[in-house]
Amino acid sequence: MTNKELAQLLKNISASYTILGENKFKIIAYDKAAESVEHLTSEVMELWQEGKIYEIPGIGQAIAKHLDELFRTGQSCHFNEVLSKVPSTVFPLLLVPGIGPKKAYRLVQAFHLKDPKTVFEDIKRLIEEHKIAELEGFGEKSEQLILEGIMLYEKGSIKEQRVSLYDADQIAQEVISHMKRHPAVQRVDALGSLRRRVATIGDIDIACVADKPEDVIKHFLRFPHQTIIDQGDHGATIVLHNGRQVDLRVHDRRRYGAMLQYFTGSKHHNIHLRSYAQEQGLSVSEYGVKHVKTGEVRECETEEDLYRALGLPWISPELREDRGEIEVAMQGILPNLIHVDDIKGDLHMHTNYAFPTSHDLGQSHVHDHLSFAHALGYDYIGIADHNPKITGMSAKEIAIIMEQRYAWYQEQYALWKKNTKDASVSLYILCEVDILPDGTLALPVEAFEFVDGAIVSIHSSFRQNKQDMTRRIISALTAHPKVRIYGHPTGRLLLKREGIDADWKEIMRVAKERDIAMEINAYPDRLDLPDLLVRDAINMGVSLCIDTDSHEVHQMEFMRYGVDVARRGWVEPRHVVNTRYRDVFHRWFVKT
DNA sequence: GCCGTTTTCGGCCCGACTGTTTTCAGTCG
């Protein structure tokens, strides 16, 4: 049973309780549990197997007991009983926006809708006959709303179409610079998941401070768009030609901080923050912090004001996921998050050096990479072309190819240094070596003589079972002392491919033991390790290395996205090997 | 039904919007 199915089940229980008129806090409890499960990154089944089901927030004794029965026997008597008290036709209707438990039940009861399979067709027919408007509490508008909801659902547009953080950033930056060109605009910020730097983004929300909202909104609508969805006094929503929705809201300066905080989220962070405020007799909303007894509202111009009003230090948006950040803020021990300026080198890049590679080459010359690194102020870089094709070649032949390659890079490096003023970037000649399905490396041991170090990574057989996969990776990590980095560890491709299934704790234990860095691959399609595993890694004392996996020199700017992931994983500079200056890094790199 | 920096009992986030009402219930984010 997947988390998604489980979350759906819990939602249905909550809806059933709503219909049955249960205690409303019980309903909220099931809703919370459902949402918690939905946003969990580990499988509930697995946590249950490890006896850690209580660690899931919102799941306590009662729900845990039902889940235990469900996982053991495939059934839960209690859940079944609750669900059986509500006509099953209700549940598909809940997926339609605008229809909640009460309305769904009213409809099902009033029209004796018995077949969940045809319920949408039945409702549509009833709307055509204007039967629904006759129902008490419903009207003409309701009919239209329900119809639109069903159409939307059937078109599948409910299924959120997300884009990568990078793509969202491109769009947002264009909109933001467009807005900044208007003289009345004093400040522009991204909101929501974009500001929290989540790996994938739904809608793009932007806020600005401005004097003349009408003019500013008019200016916003001059941004090339397909349709205007909404336009009001304080904002507007448009759909761009690429189908992305962009939402702008205009606010006055006095309450901007409260607004920014509110719309940055996450929802879970805000809920937690509000209950924390409540304990102090305060109430937080997008308008400010209210003293409940006196009713006095403190407007907040900045987010710092708002957090200060609650007795907290400002919390960086990347941390606002309700993963303990409020607790550590209370104690005044928020992490000193890494910044892109802390990075001193990029160890995973591909150049256009032509040789019989097993995967793709890069597009830029190593000189370009060196010069770009120089411009970025880096101390060192690593070139990590893929290992050569191994089929049909002897170990000896591969070693020769690698020897020639090594010599070539050394020559080029000498040449670059000679021709570059103040050249101070060190070059490591690495190789990105495939971890083959059986856990051996795709570079024969003879060839390791001709690399300074190796990044090992998986490029095939992603669907092995957990046990085999774990064994495979550990075997690769321990295959050769020159293995220093485990590249894009989960192999995920955002919005395209799920990551591998592996025992991360075990892998991290080995990485720690061998002092191998786990990579945070900053390539926008990867962002791998994911933020939660990043946090596990630092908690286990595993070192990280943030690399761009550049295949073209300008992609070295992707570093920022890797740093975003790191920040979401609570990473400080000390956790990351490539924040170290040349000599310190070198000692780590060649310690074997 | 969950949960704990005044609590193992007594609370539970906040406000907007919409359509239907004539003061509010339901839904949403």
Side-chain angles (χ1 to χ4, degrees), chain A residues 10-11 13-19 21-37 53-67 78-79 82 93-107 132-146 148-149 152 158 160 191-193 202-203 205 230 232-235 237 247 249 255 258-259 261-290 292 297 306 310-312 322 326-332:
Chain A
L10 292 167
K11 277 187 213 168
I13 299 283
S14 155
S16 304
Y17 277 148
T18 310
I19 292 163
E22 255 289 358
N23 177 318
K24 71 170 170 176
F25 295 111
K26 198 161 157 181
I27 296 166
I28 293 172
Y30 271 93
D31 266 334
K32 272 190 183 163
E35 224 178 307
S36 182
V37 165
I53 200 154
Y54 290 102
E55 288 178 16
I56 304 170
I59 292 191
Q61 250 183 349
I63 297 182
K65 202 187 98 206
H66 301 319
L67 291 184
H78 177 71
F79 288 167
V82 175
L93 284 178
L94 296 176
L95 303 172
V96 175
I99 301 186
K102 300 265 176 100
K103 283 189 187 171
Y105 187 62
R106 284 289 314 275
L107 291 170
I132 289 180
E134 293 168 12
L135 219 56
E136 201 189 327
F138 290 79
E140 295 266 330
K141 283 273 190 177
S142 321
E143 282 190 336
Q144 214 174 336
L145 221 68
I146 292 170
E148 278 167 21
L152 219 59
I158 303 290
E160 44 179 355
L191 302 170
S193 48
D203 289 337
D205 298 322
D230 193 24
D233 297 339
H234 302 288
T237 304
D247 195 272
R249 45 186 75 246
R255 308 199 285 212
M259 180 286 307
Q261 196 287 325
Y262 176 77
F263 286 105
T264 297
S266 70
K267 194 177 165 189
H268 291 276
H269 173 84
N270 285 357
I271 289 174
H272 191 158
L273 195 69
R274 285 166 189 202
S275 40
Y276 171 72
Q278 214 172 34
E279 291 163 17
Q280 308 174 58
L282 300 168
S283 161
V284 180
S285 77
E286 64 247 58
Y287 303 114
V289 179
K290 185 163 82 182
V292 175
V297 178
L306 186 138
L310 304 176
L312 295 174
D322 193 20
I326 292 174
E327 288 83 349
V328 304
M330 276 157 61
Q331 299 167 49

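Just so we're clear, the structure is a prediction, and the values are computed from it rather than from any experiment. Here is the naming used below: chain letters follow the sequence lines, and residue numbers restart at 1 for every chain.
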Any idea which of dC28(B), dT20(B), dG26(B) is nearest the P97(A) side chain? dC28(B)

Under 4.0 Å between a side-chain N or O of Q331(A) and OP1 or OP2 of dT5(B)? no

Counting side-chain heavy atoms from CB outward, which of dC2(B), dT27(B), dC12(B) is closest to A62(A)? dC2(B)

Does the structure show a Watson-Crick or G-U wobble partner for dC2(B), both distances under 3.5 Å? Name it, or say none. dG11(B)

Start at the 5' end of DNA chain B and walk down; is the nucleotide closest to S285(A) or to E140(A) reached first? S285(A)

Rounding to an integer number of angstrom, what distance separates dC12(B) and dT7(B) when you compare their C1' atoms? 13 Å

Under 4.0 angstrom, heavy atoms only, what part of the nucleic acid is I59(A) near: base, sugar-phosphate, or nothing? sugar-phosphate

Please examine the side chains of L107(A) and L135(A), heavy atoms only from C-beta on, and report whether any two atoms are closer than 4.5 Å. yes

Length of the CZ-P vector between R249(A) and dC17(B), whole Å: 10 Å

Between P on dG15(B) and OH on Y287(A), what's the gap in Å once rounded to a whole number? 9 Å

Between dG26(B) and dT21(B) - P atom distance, rounded Å: 13 Å

Among the candidates dT27(B), dG15(B), dC2(B), find the nucleotide nearest to the side-chain atoms of K103(A). dT27(B)

Candidates dA16(B), dG1(B), dG19(B) - which lies nearest the side chain of K26(A): dG1(B)

More than 12 non-hydrogen atoms from neighbouring residues, nucleotides or ligands closer than 6.0 Å to CD on Q144(A), yes or no? no

Going from CD on E148(A) to NZ on K141(A), what distance comes out if it is rounded to the nearest 0.5 angstrom? 9.0 Å

Check: Y262(A) side chain, dG29(B) base, donor-acceptor under 3.5 Å: yes

Rounded to whole angstrom, note down the P distance from dG4(B) over to dT8(B). 13 Å

Could you give the distance separating dC13(B) and dG29(B) at their C1' atoms, to the nearest angstrom? 12 Å

Shortest non-hydrogen contact from P57(A) toward S36(A): O-OG, 2.7 Å

Nearest whole Å is fine: how far is dT27(B) P from I99(A) CD1? 9 Å

Compare the minimum distances between each of dT20(B), dG1(B), dC14(B) and the side chain of A29(A), then state the nucleotide with the smallest one. dG1(B)

Nearest-angstrom distance from the residue atom OH of Y30(A) to C1' of dC2(B): 11 Å

Roughly how far apart, to the nearest Å, are dC17(B) and dG10(B) at atom C1'? 32 Å

Once you apply a heavy-atom cut-off of 4.0 Å, does I63(A) come out as touching a base, just sugar-phosphate, or nothing? sugar-phosphate

Any idea which of dG15(B), dG1(B), dT21(B) is nearest the K290(A) side chain? dG15(B)

Do L310(A) and L282(A) come within less than 4.5 Å of each other through their side chains, counting heavy atoms only? yes

For Q61(A) and dC2(B), is the shortest distance between a side-chain N/O and OP1 or OP2 below 4.0 Å? no

Using only side-chain N and O atoms of S283(A), determine if any of them is under 4.0 Å from OP1 or OP2 of dC14(B). yes

P atoms of dC2(B) and dT6(B), separation to the nearest Å: 24 Å

Starting from P on dG1(B), measure out to CD1 on I27(A) and report it in whole angstrom. 12 Å

Taking atom CD as the centre, does Q61(A) end up with more than 12 heavy-atom neighbours from other residues, nucleotides or ligands that are less than 6.0 angstrom away? no

Nearest-neighbour nucleotide for the N23(A) side chain, dG1(B), dG29(B), dC14(B) considered: dG1(B)

Gap separating the OG atom of S275(A) from the CD1 atom of I326(A), nearest 0.5 angstrom: 7.5 Å

Nearest to the side chain of K102(A) - dG1(B), dG26(B), dG15(B)? dG26(B)

May I ask you to say what E327(A) touches in the nucleic acid, namely base, sugar-phosphate or nothing, with a heavy-atom cut-off under 4.0 Å? nothing

Any heavy-atom pair between the side chains of H66(A) and I13(A) that's under 4.5 Å? no

Work out how far the P atom of dT23(B) is from that of dC28(B), and round it to whole angstrom. 26 Å

Is the glycosidic torsion of dT22(B) within 90° of 0, making it syn, or is it anti? anti

dG11(B) to dT18(B) separation - P atoms, rounded to the nearest Å: 34 Å

Quick check: on DNA chain B, is the nucleotide nearest I56(A) upstream (toward 5') of the one nearest K32(A), or the reverse? Name the residue that is more 5'. I56(A)

Take atom NE2 of H272(A) and atom C1' of dG4(B), then tell me their distance rounded to the nearest Å. 11 Å

Separation of atom CD in E35(A) from atom P in dC13(B), rounded to whole Å: 12 Å

Separation of E22(A) atom CD from dG1(B) atom P, in whole Å? 7 Å

